[in-house]
> 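Please read through the structure below; I'll follow up with questions.
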Amino acid sequence: MPDHCGSSRHDTPPPDHHNPHPDPPVIQITHSHATGTRVEGSGKGDGVWEIAREQGFRYSRDVGIYLRLSRDKNANEPKINALKYALERAGFAVQVDIDNTWRAAADREADRGERIAAHADRLRDRADRATARSSRAEDRAQRITDLIPLGQPILVGHHSETRARRDQAHIDAAMTTASSEAEYASKLAARAHGAAANEAAKHAGPAIMRRIQQLESNKRILERHLALQSASGDARQRTQDKIDRLADDITHQHTVLGAMADAGVFVAWTTADFQPGDQVCVRGWEWRSVSRVNKKTVRVDNRDQCQLVEMDRITGLRRDGQQWDTPHGQPWPVELAVRVARWEHLLAAASVPSNAYSDTTRHVRWAQRLVHGLDLDAADAELAAFHPERATLDVRRAAALASTYLGAYKRLTAGEPIPDVTESLPAVDLTPDWRLPDTPAVDRRVDQLRSGDLIKGIWDLTGNARILHRRFAGPVDSISDPLNRHESGTWIGVRLRDGEEEWLQTHRWLSTYPQAAQDPPSSPATSPCRSGRNGSSKQTIRP
């Protein structure tokens, strides 16, 4: 019977509650060692993701629906079958394609390295964008602040109160955004650094040695298990495939170690390098005496008990008063090596922020400056001017320099007067990238600086006294255009050659050496900066 609209009530078929998808799409569950387990053929809102999520699958905009940690592994058939059954119950047609053929170890490592590098690059890009957003928010706050007279309070009841409170709210919101974006950028940069550092640590020589030991142990276990299995069957074939893959991994890792040894990057210690009576450095900081050399380990005396040490944990060898840091390296005296290690420990302690005002930090700073003929209050940039050449020093000269630092430090710690320490220190055969002349400096305002000038420090007025702060020093690289900040005055940015930058008001004075007045650098042995300050001649170190 037709209804009131003129059509039969049976023209439209009733809904099928048992089959909500009359024409369901074909869902493909694929697995391979190169791509892992993925779900393909799904569309937005079709319900596949909700079902897959209950089965432990995940979603990514780049990959789609996937199973975590499934790449370069055999298919997890229980999870795949559970998802297939759940999708079929929901009315989907499902096809499963599984390929358990494993990839070569070299291909797996290359692919992983590319993926980690791409991931770190994406994190760095996100960090850069967050930093840019933080800078823009800070600039917005600064532009509003510059229009407010310095120290101007909000005048309650005045017609400007509404606008003043609105400006303050905008400033607070912009600074909150700048702070949160800067924190977010810092976290992203830390994640990028951690991802790259973690991948690099896996390719270190000792890590590869430990990996080879673990792979060989797993291979021996599987070989014993294979010997107990029946002569045929799928289980035996799967075990044999695992053994073949482990053998390929071991061969590849040995190839990597051989390439590192040929290039001189890392040479592994072997038991042939040791004999009873030697001393070995374990884990980079403790020295133990060797009592016996085994096939793969050495036995060392650790206090009242013996300890077996693998080759990957040994980082040094001492014999007959000489020390080897690597099997292919040149030996050097143990006494000098101990002094260098002591100085590196002091440098690490001085770099801790909580020790900034300790006697150790002060004496470390003074020792470095005295050795190079600098003032005790010289800026860190003056000391860093020696670093470019120090980076190219050979091991013996670098060790001699560290030993000289330690000698000065010990004399300062013992309470010896600074003039006496300076008088007997040998000169160092190093030429700095730049150095402040002995001639008197010229006071100039920041708006009078030119590119190429040398800055000795910034003058500051404290009470009735002028104090020269040496924290900002070095050759000027560039000067920015004046920036008018209204009530805050006019500011100029000064960038040094080492990248340090400082924004100063135009009325600030600096102690400088104009470019035309700078003397050409002389050799360290005859430089007046090295011997003229205390009037004594010094013998140059020749390690």
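Excluded from the calculations below are hydrogen atoms, water molecules and symmetry mates; all remaining heavy atoms, backbone and side chain alike, are included.
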> When you compare the side chains of Asp325 and Gln323, does any donor N or O come within less than 3.5 Å of an acceptor on the partner?
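Side-chain D/A pair, Asp325 to Gln323: present.
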> Residues two or more places apart in sequence or in another chain: which of them pass salt bridge (charged side-chain N to carboxylate O under 4.0 Å, His left out) with Arg283?
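Testing Arg283 for salt bridge (charged side-chain N to carboxylate O under 4.0 Å, His left out), a comparison that skips the adjacent residues, returns Glu286.
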> Suppose we screen for side-chain contact (heavy atoms from CB on, under 4.5 Å). Which residues come up paired with Asp97, at least two apart in sequence or across chains?
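Counting only residues at least two positions away or on another chain, Asp97 forms a side-chain contact (heavy atoms from CB on, under 4.5 Å) with Thr30.
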> By salt bridge (charged side-chain N to carboxylate O under 4.0 Å, His left out), which residues pair with Arg122, not counting sequence neighbours?
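For Arg122 there are no salt bridge (charged side-chain N to carboxylate O under 4.0 Å, His left out) partners, ignoring immediate neighbours.
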> For residues Gly329 and Trp324, report the shortest heavy-atom separation together with the two atoms involved.
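Result for this residue pair: O-CD1, 3.5 Å.
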> With a sphere of 6.0 Å drawn around CD of Gln330, does it hold more than 12 non-hydrogen atoms of other residues, nucleotides or ligands?
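Incorrect, the count does not exceed 12.
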> Once side-chain contact (heavy atoms from CB on, under 4.5 Å) is applied, do any residues pair with Asp301, and if so which ones, sequence neighbours excluded?
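side-chain contact (heavy atoms from CB on, under 4.5 Å) list for Asp301, sorted by chain: Ser289, Ser291, Cys306.
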> Side chains of Thr361 and Ser358: donor-acceptor distance under 3.5 Å anywhere?
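The criterion, which ignores hydrogens and geometry beyond distance, is satisfied for Ser358 and Thr361.
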> Report the residues that fulfil side-chain hydrogen bond (donor to acceptor under 3.5 Å, both in side chains) with Asp99, sequence neighbours left out, ordered by chain and then residue number.
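Applying side-chain hydrogen bond (donor to acceptor under 3.5 Å, both in side chains) to Asp99 gives Thr101.
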> Is it the case that atom CZ in Arg163 sees more than 12 heavy atoms from other parts of the structure closer than 6.0 Å?
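Open.
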> List in chain and number order the residues that pass salt bridge (charged side-chain N to carboxylate O under 4.0 Å, His left out) with Asp278, two or more places apart in sequence or in another chain; answer none if no residue qualifies.
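Salt bridge (charged side-chain N to carboxylate O under 4.0 Å, His left out) list for Asp278, sorted by chain: Arg319.
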> Kindly write out the residues that satisfy side-chain contact (heavy atoms from CB on, under 4.5 Å) with Asp312, not counting sequence neighbours, or none if the list is empty.
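So Asp312 forms a side-chain contact (heavy atoms from CB on, under 4.5 Å) with Pro206, Met209, Arg210, Gln213, Glu310.
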> Please tabulate, one pair per line, all N/O donor-acceptor pairs under 3.5 Å involving side-chain atoms of residues 179-198, not counting sequence neighbours.
residue	atom	partner	partner atom	Å
Ser180	OG	Thr176	O	3.1
Ser180	OG	Thr177	O	3.0
Glu181	OE1	Arg133	NE	3.2
Glu181	OE1	Arg133	NH2	3.1
Glu181	OE2	Arg133	NE	3.3
Tyr184	OH	Arg126	NH2	2.7

> If the condition is salt bridge (charged side-chain N to carboxylate O under 4.0 Å, His left out), which residues does Lys219 pass it with, not counting sequence neighbours?
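Glu223.
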> State which residues pass side-chain contact (heavy atoms from CB on, under 4.5 Å) with Asp139; sequence neighbours excluded, sorted by chain then number.
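Applying side-chain contact (heavy atoms from CB on, under 4.5 Å) to Asp139 gives Arg143.
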> Regarding His31 and Asn76, do their side chains bring together a donor and an acceptor under 3.5 Å, going by distance alone?
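Asn76 and His31 do not have a side-chain donor-acceptor pair below 3.5 Å.
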> Are there over 12 heavy-atom neighbours, none belonging to Glu109, within less than 6.0 Å of that residue's CD?
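Counting neighbours around CD of Glu109, more than 12 heavy atoms of other residues, nucleotides or ligands fall under 6.0 Å, so yes.
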> Do Asn484 and Trp491 get their side chains close enough for a donor-acceptor pair, meaning under 3.5 Å?
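Side-chain D/A pair, Asn484 to Trp491: absent.
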> Phe274 and Trp269: aromatic ring centres closer than 6.0 Å?
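Aromatic pair counts; centres sit under 6.0 Å.
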> Please tabulate, for the side chains in residues 110-118, all donor-acceptor contacts under 3.5 angstrom to protein atoms that are two or more places apart in sequence or on a different chain.
residue	atom	partner	partner atom	Å
Asp111	OD2	Arg103	NH2	3.3
Asp111	OD2	Arg115	NE	3.3
Arg112	NE	Glu199	OE1	3.1

> For His254, I'd like to know if atom NE2 has over 12 heavy atoms of other residues, nucleotides or ligands within 6.0 Å.
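Enclosed.
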> Which pairs count as salt bridge (Lys or Arg N to Asp or Glu O under 4.0 Å) when at least one residue sits in residues 240-262, sequence neighbours excluded?
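Every pair satisfying salt bridge (Lys or Arg N to Asp or Glu O under 4.0 Å) with a residue in residues 240-262: Arg108-Asp249.
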